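Atom set for the values below is all heavy atoms of this structure, side chains included, hydrogens, waters and symmetry mates excluded. Below, read A as the first sequence line, B as the second, and so on, with proteins coming before strands; counting in each chain starts at 1. What you see is a predicted model; the values in this text were computed from it and never measured.
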2 protein chains.
Amino acid sequence: MSSINLKRLSQELGLSISSVSKALRDSYEISAETKKRVLEMAEKLNYQPNPFASSLRRKKSQSIAVVIPEIANNYFALAINGIQTVAQQKGYHVLTYLTHENSKDQDSTIKHLQGGRVDGVLISLCSDTANSQQLTDLQSAGFPVVFFDRIPDSPGCPTVSTDDFDGGFKATEQLIKTGCKKIAYLRVAGYLSTTENRMRGYLAALDRYNIPQNPKLIIECSNDDEQNQEIIKKALKMRGRPDGILSSVEKLAISTYYACGEINLKIPRDVKVISFSCLRTASLLSPSLSTITPPAFEIGKEAASLLFRMIEKKMFGNRVEKTVIKSVLIERNSSRK
Amino acid sequence: MSSINLKRLSQELGLSISSVSKALRDSYEISAETKKRVLEMAEKLNYQPNPFASSLRRKKSQSIAVVIPEIANNYFALAINGIQTVAQQKGYHVLTYLTHENSKDQDSTIKHLQGGRVDGVLISLCSDTANSQQLTDLQSAGFPVVFFDRIPDSPGCPTVSTDDFDGGFKATEQLIKTGCKKIAYLRVAGYLSTTENRMRGYLAALDRYNIPQNPKLIIECSNDDEQNQEIIKKALKMRGRPDGILSSVEKLAISTYYACGEINLKIPRDVKVISFSCLRTASLLSPSLSTITPPAFEIGKEAASLLFRMIEKKMFGNRVEKTVIKSVLIERNSSRK
DNA sequence: GAAAAAGATGAAAACGTTTTCGTAAACTAT
DNA sequence: ATAGTTTACGAAAACGTTTTCATCTTTTTC
């Protein structure tokens with residue numbers, strides 16, 4: 001807390017507060033000579049402007065918020081990395097809020113944010129969201145909000161996401177091509193745009209290859225890893241058990257590996273597995289895991305860039321940008337013949 | 001940006017600004033009846049106090065900063081999770097800053113933080129820090145700073161870390177017990193308290209078991225994964241190549257796996273591996289990776305708790321707290337006979 | 001029933017900036 | 001020399017709170 005402020009600085013220099021302020025902001029009203037003196041003194045006294053006074057006066061926080069379900073997750077960690085890269089370069093500060101997949105937490109966070117603490121919000125929705133009134137309020141007030149990854153269905157929102165439908169389709173196709181007939185889809189509890197779209201891709205692929213859809217093969221998991229392992233084990237032991245698994249999120253693939261280990265099913269011999277995942281060690285797993293990898297870092301970067309464009313009002317009229325960045329499918333041993 | 005403020009609220013209620021402010025802060029000066037009216041109106045108009053005005057006046061930011069080298073890293077992601085848990089519960093906001101292992105970035109971050117944007121700082125030092133003047137300035141100004149994981153050597157700093165020496169010792173011991181005679185230690189470039197202490201544990205274990213220390217087996221890696229893979233490959237091809245590897249950080253273990261794959265060395269047959277790591281999938285790797293796992297989440301939680309104790313001045317005099325939380329060693333196939 | 005105490009409210013200063021506006025002094029053009 | 005313009009600076013208001021202090025009313029006390 002450097003208690004040295006403009007007043008102190010101006011006294012030291014024998015100038016008025018306003019002149020010093022202008023000098024520091026490089027105003028044309030101040031002579032080059034004076035600016036130099038001011039800069040030097042500021043440096044010497046290690047002057048740091050009070051960000052709150054500045055924000056209060058300018059009605060600009062120089063901060064953005066990132067609201068995500070969790071952070072100990074390869075995807076979100078990478079996305080934040082991308083976001084920070086852009087924000088730090090723009091001289092913006094980044095506030096992170098975790099919702100823990102809890103819409104109550106998400107709503108209260110959004111509500112607090114209305115106070116003006118940030119100039120914009122990047123958000124990936126939590127899974128138990130029905131429809132957040134807070135969020136629509138925020139947006140309709142003209143507040144810059146960009147959704148990434150888990151986005152709302154409503155068309156009026158700026159979003160950055162990946163081609164989930166396509167990913168789900170291609171992953172399923174891949175399983176089909178290696179001979180799978182009974183492909184299970186692992187989805188998480190609640191509603192997620194990603195899970196939903198990936199599933200639509202999965203179903204479309206089944207149709208395309210004339211494989212009958214089977215509701216029993218759409219397996220809803222929870223938010224608890226141990227519970228999921230049980231759910232998956234049960235699915236793998238049922239009559240007409242799946243010979244292929246498409247996991248909509250990384251953690252379910254991991255649970256699948258553990259589940260198979262416990263009931264002595266060999267991947268890929270007994271069941272083939274492919275999963276959406278940003279796991280860096282996918283190729284080192286036993287067996288190596290086939291993945292559809294969303295470009296998390298780029299999505300974060302793109303979402304942040306879009307947000308800053310909105311903040312800086314460099315938007316073309318009211319056009320709502322919807323960016324989609326392709327995922328990449330990498331076939332590895334877990335889904336090979 | 002709810003443009004409804006105290007003034008507006010007070011007009012609506014026919015009260016003075018000060019009374020409304022006091023009512024909202026539940027002051028004893030205001031009658032219960034009035035408080036109720038105020039609360040109701042605030043709710044109705046969705047009043048959100050301006051955080052900057054409040055911070056400016058109270059000289060309290062209700063925010064803390066987390067300064068870390070990177071975020072796409074299991075350890076730091078977990079630690080932040082712990083930090084957020086505590087902060088969110090305390091009603092504090094969390095600002096994250098990435099230094100990218102760059103002391104310039106770190107210094108400029110610290111410098112900005114002196115403006116009073118936060119009430120305290122949690123920091124894990126970057127690897128190319130010699131000694132940050134900014135940081136010592138900040139501390140000696142009485143500003144609350146807690147170091148976690150990568151901590152300074154100076155005794156005057158509050159820290160939360162794990163028993164790195166012990167971890168290094170036990171990991172090395174484990175390799176020795178499975179018959180390794182030439183154990184390499186993989187360290188990262190620059191200076192890290194963790195790497196250093198783990199190495200001291202490693203060297204102590206060698207001494208304890210009468211294995212001669214060999215400087216050629218202490219291998220300094222870089223910050224670039226591809227480069228590291230080359231470095232490790234080279235080390236594994238040299239005369240008197242290591243038969244055991246202790247990796248001081250997770251990413252070097254991963255590079256080791258790749259390196260072994262490329263030159264056809266089988267883990268653990270040809271070389272045994274153990275690593276410090278928070279990888280959730282350690283047991284699913286091929287082969288499963290033996291790890292010393294620092295309790296990242298707990299370290300984050302503990303560090304944040306300590307910071308809040310400092311912020312709230314609930315410290316006992318000037319005693320500097322140095323918390324150490326034990327890591328746990330899990331033997332898996334990569335280091336078995 | 002007067003003095004003292006308690007209760008409830010409001011006016012205004014303060015926090016540290018930024019910005020608008022005013023005004024000297026210096027310069028330019030006629 | 002005079003009017004106009006430019007240059008460089010300062011005074012003061014404003015941002016939205018919090019807090020101190022004063023004020024007025026009501027209640028208590030002897």
Can you confirm whether the side chains of [X] and [Y] place a donor and an acceptor under 3.5 Å from each other?
| X | Y | result |
| --- | --- | --- |
| A:Gln114 | B:Asn46 | yes |
| B:Thr159 | B:Ser161 | no |
| A:Glu302 | A:Thr323 | no |
| A:His112 | A:Tyr97 | no |
| B:Ser61 | B:Ser55 | no |
| A:Gln133 | A:Asp137 | yes |

Nearest-angstrom distance from the residue atom [atom1] of [X] to [atom2] of [N]:
| X | N | atom1 | atom2 | answer |
| --- | --- | --- | --- | --- |
| B:Arg58 | C:dG16 | CZ | P | 15 Å |
| A:Lys60 | D:dG16 | NZ | P | 16 Å |
| B:Gln11 | C:dA11 | CD | C1' | 16 Å |
| A:Leu56 | C:dT18 | CG | P | 11 Å |
| A:Lys7 | C:dG16 | NZ | C1' | 10 Å |
| B:Ile17 | D:dC15 | CD1 | P | 11 Å |
| B:Lys59 | C:dT17 | NZ | C1' | 12 Å |
| A:Gln62 | C:dG16 | CD | P | 20 Å |

Is the distance from OP1 or OP2 of [N] to the nearest side-chain N or O of [X] less than 4.0 Å?
| X | N | result |
| --- | --- | --- |
| B:Ser21 | D:dT17 | no |
| B:Ser16 | C:dG10 | yes |
| A:Ser19 | D:dC9 | no |
| A:Asn5 | C:dG16 | yes |

For B:Leu6 and A:Val20, find the nucleotide of DNA chain D closest to each by heavy atoms; which residue's nucleotide sits nearer the 5' end?
A:Val20
Interface residues of residues 22-41 of chain B with DNA chain D (non-hydrogen, below 4.0 angstrom)
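Output list: B:Lys22, B:Arg25, B:Glu29.
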At under 4.0 Å between heavy atoms, what does A:Pro49 touch on the DNA or RNA strands: base, sugar-phosphate, or nothing?
sugar-phosphate
With sugar-phosphate meaning primed atoms plus P, OP1 and OP2, does A:Ser18 contact a base, only sugar-phosphate, or nothing at under 4.0 Å between heavy atoms?
base
Out of C:dG16, C:dT18, C:dT17, which has the shortest distance to the side chain of A:Tyr47?
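The closest nucleotide is C:dT17.
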base_contact_polar (D:dT17 base, B:Arg57 side chain, donor-acceptor, <3.5 Å):
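A donor-acceptor contact between them is absent.
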Mind listing the closest non-hydrogen atom pair of A:Ser63 and A:Tyr92 along with its distance?
N-CD2, 3.5 Å
